[in-house]
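A quick write-up on the structure given underneath.
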Amino acid sequence: MRRRPTLPARLPVDPFIVGLLATVGLAALFPAAGAAATAADTASTGAVALLFFLYGARLSTREALDGMRHWRLHLTVLACTFVLFPLLGLAAHALVPSLLTPPLYSGLLFLCLVPSTIQSSIAFTSIARGNVPAAICAGSFSSLIGIFLTPLLAAGLLGSSAGGFSLDSLMKIVLQLLLPFVLGQALRPWVGGFLVRNRPVLGYVDRGSILLVVYAAFSAGMVAGIWHQVSVPRLGALMAVEAAILAVMLLATWYGAKRLGFTREDRIAIQFAGSKKSLAAGLPMASVLFGAQASLAVLPLMLFHQMQLMVCAVLARRRARDPEATAAAPAAAAAPAAGGDASAELPGGHVAEVSRAAQHPAPRAR
């Protein structure tokens with residue numbers, strides 16, 4: 001008799017989310033204004049550049065080239081991330097203004113344009129005994145392409161609410177996102193070893209940079225008074241819409257990949273890489289694209305981030321208990337070894353994207 005899966009005793013609460021909420025509270029109580037706002041904005045700009053430099057310096061070109069051989073899987077993940085997700089976001093426009101205000105909808109649509117995660121996709125794929133090397137490459141490709149594609153999609157679909165596609169916004173994207181990323185890739189042969197050796201310390205730098213971006217964005221929102229536009233019922237409606245989008249994506253990635261003929265291990269990688277969105281990549285992009293409106297723009301992304309961690313932690317454990325997983329256990333145990341030291345190859349900001357529950361994958365066979 002098949003044992004019915006149960007919920008874990010304690011659902012994962014990402015400590016980074018606690019830090020984000022504390023930062024939002026700090027910005028609400030002590031928003032930066034005047035000279036302090038200028039200083040916070042300048043520091044935020046530098047933090048964004050630092051994040052994308054670390055993305056470039058830690059992204060393994062070798063892993064990306066090796067993963068090109070599984071092009072059908074990667075194209076499927078990219079289609080889920082940059083085609084299906086945006087289509088769901090556009091469909092949600094029918095809920096404006098009955099359930100969502102225009103600013104909240106802009107944030108929801110931006111959420112649908114953000115690239116996928118890397119480290120949490122790897123962790124959940126490993127727990128579920130899926131194709132871990134494929135998850136590494138799929139997340140890396142999504143992050144790399146998202147640097148170019150997310151701002152273009154935001155300019156085309158969000159228009160003036162994302163600042164429009166002016167020469168000024170284009171230069172900001174190039175200077176704050178693309179140029180540091182390219183510089184990081186160019187310097188990777190010299191700085192890559194240092195970044196790997198000091199990964200724990202640099203992880204705090206990454207998270208601190210993101211928190212600084214959040215503080216500057218929410219301070220600007222408090223000074224502008226935009227939080228008067230948000231009510232508790234609107235937030236409840238937003239969470240319900242996000243839960244529906246996540247459910248659709250989890251079902252579409254699993255059954256769609258089955259229809260396309262992928263193996264169980266590949267379907268797991270597609271489901272976890274194709275159904276999630278990167279908070280670490282989305283926050284800096286939002287600060288560039290939305291300016292003073294960034295606080296409301298990133299709110300849907302912050303809520304979706306914690307929701308996807310909680311749901312996928314439960315789902316990954318359920319996948320690991322499937323009868324098919326027992327037969328596939330040797331291959332799944334060997335997958336992390338085949339992918340090398342995955343954590344050494346991850347973009348810096350994504351170290352903040354794994355909950356404590358997701359950091360302990362199923363034990364390897366020795």
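All values reported here derive from a predicted model rather than from experimental measurement. We number each residue from 1, following the sequence as shown.
Side-chain heavy-atom separations under 4.5 angstrom define the hydrophobic clusters, and L212 shares its cluster with no other residue. Side-chain contacts under 4.5 Å among hydrophobic residues (ILVMFWY), followed directly or transitively, place F262 together with L73, V77, L260, I270.
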Test side chain to side chain contact (heavy atoms under 4.5 Å, CB included) on K276 and S121; report intermediate values, then the result. CA-CA 8 Å; K276 291 204 287 304; S121 297; 3.7 Å; yes
When you look at F110 and L157, which way does the side chain to side chain contact (heavy atoms under 4.5 Å, CB included) test go after all the steps? CA-CA 9 Å; F110 175 73; L157 298 180; over 6 Å; no
Trace of the side chain to side chain contact (heavy atoms under 4.5 Å, CB included) decision for S120 with L309: CA-CA 8 Å; S120 58; L309 287 180; 4.2 Å; yes
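Between the CD atom in Q308 and the CD1 atom in I245 there is a gap of 12.0 Å [rounded to 0.5 Å]. Taking CD1 of I136 as the start and OG of S126 as the end, the distance is 9.5 Å to the nearest 0.5 Å. Taken from SG in C137 to CH2 in W71, the straight-line distance is 16.0 Å, to the nearest 0.5 Å. Note that CG of L301 and CD of E242 are 8.5 Å apart. Values are rounded to the nearest 0.5 Å. A distance of 8.5 Å separates CD1 of I122 from OG1 of T117, quoted to the nearest 0.5 Å. Atoms CZ and CZ, on R319 and F124 in that order, are 13.0 Å from each other to the nearest 0.5 Å.
Checking side-chain atoms of T150 against main-chain N and O of G146 turns up a donor-acceptor pair under 3.5 Å. Side-chain N or O atoms of T81 include none that pairs as donor or acceptor with a backbone N or O of P115 at under 3.5 Å. Here the side chain of K277 pairs a donor or acceptor atom with the backbone of C112 at under 3.5 angstrom. Between the side chain of R234 and the main chain of L99, a donor-acceptor pair closer than 3.5 Å is present. The main-chain N or O of L95 is found under 3.5 Å from a side-chain atom of S98 such that the two form a donor-acceptor pair. For T253 (side chain) and S275 (main-chain N/O), no donor-acceptor pair under 3.5 Å exists by modelled atom type.
Contacts of Y105 classified as ring-ring contact (aromatic ring centres under 6.0 Å, His included), with partners at least two apart in sequence or in another chain: H93. Checked against ring-ring contact (aromatic ring centres under 6.0 Å, His included), F304 has no partners two or more places apart in sequence or in another chain. The side-chain contact (heavy atoms from CB on, under 4.5 Å) test applied to I145 returns L78, F82, L149, not counting sequence neighbours.
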N/O donor to acceptor pairs below 3.5 angstrom from side-chain atoms of residues 27-38, sequence neighbours left out:
unit_1	atom_1	unit_2	atom_2	d
T38	OG1	G34	O	3.3

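Side-chain contact check for C312 versus F272: some heavy-atom pair is nearer than 4.5 Å. You'll find the side chain of V114 stays beyond 4.5 Å of the side chain of L279, heavy atoms only. At least one side-chain heavy atom of L187 sits under 4.5 Å from a side-chain heavy atom of F53. Residues R259 and Y255 are not in side-chain contact: their nearest non-hydrogen atoms beyond the backbone lie 4.5 Å or more apart. A heavy-atom distance below 4.5 Å is found between the side chains of L108 and L238. Taking the side chain as every heavy atom from C-beta outward, L90 and L109 approach each other to under 4.5 Å. In this structure the side chain of Q271 reaches within 4.5 angstrom of the side chain of L315, judged on heavy atoms.
No hydrogens or angles considered: nothing links the side chains of S143 and S140 as a donor-acceptor pair under 3.5 Å.
What you find for L111 and P300 is that their closest heavy atoms are CD2-O, 4.2 Å. Here the closest non-hydrogen pair linking A49 and P180 is O-CB, 3.2 Å. Contact between E265 and R129 at its shortest, heavy atoms only, is CG-O, 3.8 Å. Nearest heavy-atom pair, S116 versus S278, reported as atom, atom and distance to 0.1 Å: O-CB, 3.5 Å. Nearest heavy atoms, A134 versus H70: CB-CD2, 4.4 Å. For I268 against A128, the heavy-atom pair with the smallest separation is CD1-O, 3.2 Å.
Connection of L195 to W190 is established within a shared hydrophobic cluster, with ILVMFWY side chains joined at heavy-atom distances below 4.5 Å, either directly or through further cluster members. The cluster map of Ile, Leu, Val, Met, Phe, Trp and Tyr, joined by side-chain heavy atoms under 4.5 Å apart, puts M285 and Y215 in different clusters. Hydrophobic clustering of Ile, Leu, Val, Met, Phe, Trp and Tyr side chains at less than 4.5 Å, counting indirect connections, keeps L26 apart from V24.
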